[in-house]
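For reference, the structure is listed below as structure tokens.
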Amino acid sequence: MHTYIIADNQDITREGLISVLRSQDMKNRVETARTRSELQARLRSYPESVVILDYTLFDFVSVNQLLNMKMGAKASSWILFSDELEERFLHQILLIDPSISVVMKHNPLQNILDAITCATYGETYLCDIAESVLKDGNFQKKESDTLTPSEKSILREIALGKTTKEIAFEKHLSFHTVNTHRRNIFRKLAVNNAHEATKYALQAGLLDLMEYYI
């Protein structure tokens, strides 16, 4: 019997994966986790599990935090399973730990089954996107690379959950100046709100460079 931990806070994804895993073998043990702390608890109970994780929906603050958790359960196998993963993030994590499998939610079911099978038996599966990223490592210049030092500083404060008014007060700037920086950041990152900006920073590993704490 194999144990799988579905680390995803989308109900439809969890239920779909549970159905897929049970259809392959009814004896499979399937656990779920909606938060990082729940995932840590499941790994303590089942350290040899296959973890199927949507990193973009979870509350990891950095790639290092994810990798540290994985290292704490050395016998576990991990699959990154998301709608979209930023190329820079994929390149970073796969170079550090090439044992992590990657498959996208829009991939055909057979590809997803192949990824699960590989991870179950200690092998690595990479979808076409992940293989391409790992192979060339040459990325087009991202919009985030064009952020000025001031914009990066403001983005850090946004990621820490501060409002425009709070940022202006702490940095001795006018509300208008901070709001202009905020609009420019959102335009360059092609995001619409603070949640999306923070999510982008997490995916790209930018929060490793910020003064972020749990």
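Nothing here was measured: the structure is a model prediction, and the numbers come from that model. Index from 1, following the sequence.
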So do [Y] and [X] actually touch side chain to side chain, heavy atoms under 4.5 Å?
X      : Y      : result
Leu43  : Met69  : yes
Arg183 : Arg187 : no
Phe60  : Leu39  : yes
Glu166 : Glu157 : no
Lys152 : Pro149 : no

Look at the side chain of [X] and the backbone N and O of [Y], then say whether any donor-acceptor pair between them is shorter than 3.5 Å.
X      : Y      : value
Asn9   : Leu57  : yes
Asn107 : Ile112 : no
Ser23  : Val20  : yes
Asn28  : Leu21  : yes

Under 4.5 Å between side-chain heavy atoms, counting indirect links through other Ile/Leu/Val/Met/Phe/Trp/Tyr residues: same cluster for [X] and [Y] or not?
X      : Y      : answer
Leu66  : Leu90  : yes
Ile6   : Val51  : no
Ile185 : Leu173 : yes
Phe81  : Met104 : no
Trp78  : Ile129 : yes

Once side chain to side chain contact (heavy atoms under 4.5 Å, CB included) is applied, do any residues pair with Thr117, and if so which ones, sequence neighbours excluded?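 Per chain and number, Thr117 pairs via side chain to side chain contact (heavy atoms under 4.5 Å, CB included) with Tyr121.
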
Distance-minimising heavy-atom pair for [X] and [Y]:
X      : Y      : value
Ile158 : Ala194 : CG2-CB, 3.8 Å
Phe186 : Ala197 : CE1-CB, 3.8 Å
Asp83  : His106 : O-ND1, 3.7 Å
Ile116 : Ile79  : CA-CD1, 3.8 Å
Ser49  : Tyr46  : OG-O, 2.6 Å

Rounded to the nearest 0.5 Å, what separation is found between the [atom1] atom of [X] and the [atom2] atom of [Y]?
X      : Y      : atom1 : atom2 : value
Arg29  : Ile5   : CZ    : CD1   : 10.0 Å
Ile167 : Phe175 : CD1   : CZ    : 10.0 Å
Asp114 : Gln110 : CG    : CD    : 4.5 Å
Ile52  : Ser82  : CD1   : OG    : 12.0 Å

Once salt bridge (Lys or Arg N to Asp or Glu O under 4.0 Å) is applied, do any residues pair with [X], and if so which ones, sequence neighbours excluded?
X      : value
Glu170 : Lys162
Asp54  : Lys105
Arg182 : none

Which residues pass the side-chain hydrogen bond (donor to acceptor under 3.5 Å, both in side chains) test with Arg22, not counting sequence neighbours? none

For [X], I'd like to know if atom [atom1] has over 12 heavy atoms of other residues, nucleotides or ligands within 6.0 Å.
X     : atom1 : value
Met71 : CE    : no
Glu48 : CD    : no
Asn68 : CG    : yes

Step-by-step side chain to side chain contact (heavy atoms under 4.5 Å, CB included) determination, Thr120 to Tyr4: CA-CA 9 Å; Thr120 299; Tyr4 299 88; 2.8 Å; yes

Check the pair Ser45 / Arg42 against side chain to side chain donor-acceptor pair (under 3.5 Å), numbers first and verdict last. CA-CA 5 Å; Ser45 299; Arg42 301 292 182 275; over 6 Å; no

Given side chain to side chain contact (heavy atoms under 4.5 Å, CB included), test Phe58 with Gln65 step by step and report yes or no. CA-CA 12 Å; Phe58 253 54; Gln65 193 175 57; over 6 Å; no

Review item, side-chain donor-acceptor pairs of residues 93-103, under 3.5 Å, at least two apart:
| unit_1 | atom_1 | unit_2 | atom_2 | d |
| --- | --- | --- | --- | --- |
| Asp97 | OD1 | Ser99 | N | 3.0 |
| Asp97 | OD1 | Ser99 | OG | 2.5 |
| Asp97 | OD2 | Lys70 | NZ | 2.9 |
| Ser99 | OG | Lys70 | NZ | 3.1 |
| Ser101 | OG | Tyr125 | N | 2.9 |

Test log, rule side chain to side chain donor-acceptor pair (under 3.5 Å), inputs Ser150 and Thr148: CA-CA 5 Å; Ser150 294; Thr148 67; 4.7 Å; no

Would Asn184 and Ile154 count as a side chain to side chain contact (heavy atoms under 4.5 Å, CB included) here? Give the steps. CA-CA 11 Å; Asn184 288 337; Ile154 298 298; over 6 Å; no

Determine whether Val133 and Leu126 satisfy the following criterion, side chain to side chain contact (heavy atoms under 4.5 Å, CB included), listing intermediate values before the conclusion. CA-CA 10 Å; Val133 166; Leu126 297 179; over 6 Å; no

